Number of protein chains: 2
Amino acid sequence: MEDVAERAGVSAMTVSRVLNTPEKVRPDTRARVLDAVRELSYRPNSAARSLVTGRSGVLGVVSFDTTLYGPASTLHGIEQAARSEDYLVTTVSVSALSRRSIGEAVDRLRFQSVDGVVIVAPHESAADGLRHLPPDLPAVVVGASDDLPVPVAAVDQVTGAVRATKHLLSLGHRTVWHVSGPQDWIDASGRIAGWRSVLEAEGREIPEPLLGDWSARSGFEHGKRLARDPEVTAVFVANDHMATGMLRALREAGRQVPQDVSVVGFDDVPEAAYLWPPLSTVRQNFAEVGRLSFQLLLDRIDGRAGAPHRMIEPELVVRESTAARLPG
Amino acid sequence: MEDVAERAGVSAMTVSRVLNTPEKVRPDTRARVLDAVRELSYRPNSAARSLVTGRSGVLGVVSFDTTLYGPASTLHGIEQAARSEDYLVTTVSVSALSRRSIGEAVDRLRFQSVDGVVIVAPHESAADGLRHLPPDLPAVVVGASDDLPVPVAAVDQVTGAVRATKHLLSLGHRTVWHVSGPQDWIDASGRIAGWRSVLEAEGREIPEPLLGDWSARSGFEHGKRLARDPEVTAVFVANDHMATGMLRALREAGRQVPQDVSVVGFDDVPEAAYLWPPLSTVRQNFAEVGRLSFQLLLDRIDGRAGAPHRMIEPELVVRESTAARLPG
DNA sequence: CAAATGGATGATAGCGATAACATCATTTGA
DNA sequence: TCAAATGATGTTATCGCTATCATCCATTTG
């Protein structure tokens, strides 16, 4: 920086000003400094800058398995939003959402002096970890219950499940079976709650939900079981991957979708529209959740109050895996 | 740090030593310092540390669309490997792999003083950007051609395509059609080359490859076309998502898979085994690629020579979307 | 037993930037 | 016309840490 200053015939301070508050420098001086910067291809040292400003320009994201479509999309949304404000994003992927693993992940990020963290923790057991976040670190949570002492951005799982279930009932099905995600996932319990509430309100029989693990495999296994029961004409599956396995199981058992059984998924992964049959599902706008959570975090970092919780409505996408129940 | 030193009755320098080179401090002093650290819950300031050491402990990853299964898995592999060496990973997702976008992404990372970068750039047009990487920044490329001046880690696409194609021919098919990815993708051209080489070597007819865009949609469109041609009995589709669309198109046109047409995909996404029928495909170990690229990068950062290029063999996974050609 | 050796610890000087205040030149207004 | 206000730039101190060399003490050695 000293070199740049000398070359431009100014002091280091002026160089710093050109880089940070250009409007406070006379245009001609500014131009000279910028030329010098270019000629020497000078790059400010971020470590020195953060040392004195106390800000790093880096955000941390703690997320469960980032290879999954949901987390990956959320992360992408955060990153895109962050870029527009000149933040960089550092990710820590955890393989368990316990209090300890979250604490460790946050510590690693803090050690690198991130300016704030987004925690993608759609899991019951994470709540404990979230309640014990260091109070001096701006933090936002994605996809958790809203009784936390930090802002939360999430898709309204209950509403999504309500829409899926109502859709199936409106097609004339007597009741709706449900293959759920693991119950300690917030998303899974929200979907169960939504599904159950509709059946209750309508006075329908409420079958025991079948516990899946989000994988196509578990959807397949449960599908084999459901296929044997001729009473089953409508299934709400808690995500598209399990629904994929479900479709295969029904097919292999000789049951037509949607003629014999209607299936609704959740997520709207990109392939959902090209499964056979194209899958009716509930679309979650993960990218938007990412964007929102970044905004919430930015509010906290900059000391603005900001909304405490932000819910996004999911959208029912009707394709060809659902149809009116055949008479009889 | 001053406080910790005082509390432990030593100088700041000794505290620093305890944290960085514990073996150079007498065990009892060390214990006292560590106690003080704990009691004050002191956390060293990474900015100050990097300012003086010139290292940040952060790696950068530049990747094309991180919501895709491949990039997301690679990223995950890098991150896991990095964690074990106490590195953190910062990601920049670019929406185009041009020289400019790569340059900008690398600049943003450099601005944050990353210790090195991994560039996931399976795209022709990126090569130019890669040739102009700043020479003073340790860099490694994933999934590019191997004529670059930086180490490359990649899955051997040609071998994968060869295996898929040979598999189909061995089932008695006269020739194999191919739905490719965009030709300016390294992976796509590698798969085309492998497929073509087998057909040439065996003296089979070589149909014009059908250009897809990796999406299920494009697989579906091409599938509709191929379904009309009764000559088509075997298709090698360049990724699983397009293969998903292909399966639907064939089905809708009344052609049975695998009885009438055999289909092989590429990637082995987690759902592939639960499509209907379960998809035969070529598995790429993305996580391993991520790990390898991190190793290559670490070698460069630490000034070791290290292997220049690392190729990983993909694996053919035969499921139920391929079968012997029906006689006649 | 003095000198040499070596291990543990301390004092000092930056690393490269910015905050805060000081300075100087110019403009403004009565 | 001149004091006060304004705006551009410079000076100094400091952020929190580690490299380097100095110092001290306890051994070992001749």
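Proteins get letters first, then strands, A, B, ... in listed order; numbering begins at 1 in each. No experiment lies behind these values; they were computed from the predicted model shown.
Looking at A/L75 and B/T66, their side chains never come closer than 4.5 Å, going by heavy atoms from C-beta outward. Between A/H76 and A/Q80, the closest side-chain pair of non-hydrogen atoms falls below 4.5 Å.
The side-chain contact (heavy atoms from CB on, under 4.5 Å) test with B/I119 singles out one residue from B/L133, B/V150, B/L109, and that residue is B/L133.
Residue B/N45 has no polar side-chain atom (N or O) positioned under 4.0 Å from OP1 or OP2 of D/dC15. Listed pair B/R26 / C/dA8 fails the phosphate criterion, with no side-chain N or O lying under 4.0 Å from OP1 or OP2. Put simply, A/T14 has a side-chain N or O that comes within less than 4.0 Å of OP1 or OP2 on D/dG10. The shortest distance between the side-chain N/O atoms of B/S16 and the OP1/OP2 oxygens of D/dT18 is below 4.0 Å.
In this structure, A/S11 reaches the bases: a heavy-atom distance under 4.0 Å links it to at least one base atom across the strands shown. A/S46 comes within contact range of no nucleotide atom at all, as no heavy-atom separation falls under 4.0 Å. Within 4.0 Å (heavy atoms only), A/T29 reaches sugar-phosphate atoms of the nucleic acid but no base atom.
The distance from atom CZ of A/R30 to atom C1' of D/dT9 is 14 Å, rounded to the nearest whole Å. One interatomic measurement links the two molecules: CG of A/L51 to P of C/dA17, which rounds to 12 Å at whole-angstrom precision. Residue A/R17 contributes atom CZ, which lies 11 Å from atom C1' of C/dC21 at whole-angstrom precision. When rounded to the nearest whole Å, the span between CD of B/E23 and P of C/dG6 equals 19 Å. If you take NZ of B/K24 and P of D/dT18, they are 13 Å apart, rounded to a whole angstrom. Here the P atom of nucleotide C/dT18 and the CD atom of A/E2 are 13 Å apart, to the nearest Å. In this structure, B/R49 places its CZ atom 18 Å from P of C/dG16, rounding to the nearest Å. Going from atom CE of A/M13 over to atom C1' of C/dT23 covers 15 Å, rounded to whole Å.
For the pair B/S125 (side chain) and B/L97 (backbone), a donor-acceptor distance under 3.5 Å is present.
Toward the 5′ end of DNA chain C lies the nearest nucleotide of B/A12, the other residue of the pair B/A48 and B/A12 mapping further downstream.
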CA sep, side-chain torsions, deciding dist, call: B/E79, B/R83, salt bridge (Lys or Arg N to Asp or Glu O under 4.0 Å): CA-CA 6 Å; B/E79 200 252 304; B/R83 170 182 319 193; 3.2 Å; yes
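Each of C/dG14, C/dG10, D/dG10 was ranked by its minimum atom distance to the side chain of B/V10; first place goes to C/dG10. You'll find that the side chain of A/V25 is closest to D/dT9, out of C/dA17, C/dG16, D/dT9.
Side chain A/R43 to base C/dG16: no donor-acceptor pair is found below 3.5 Å.
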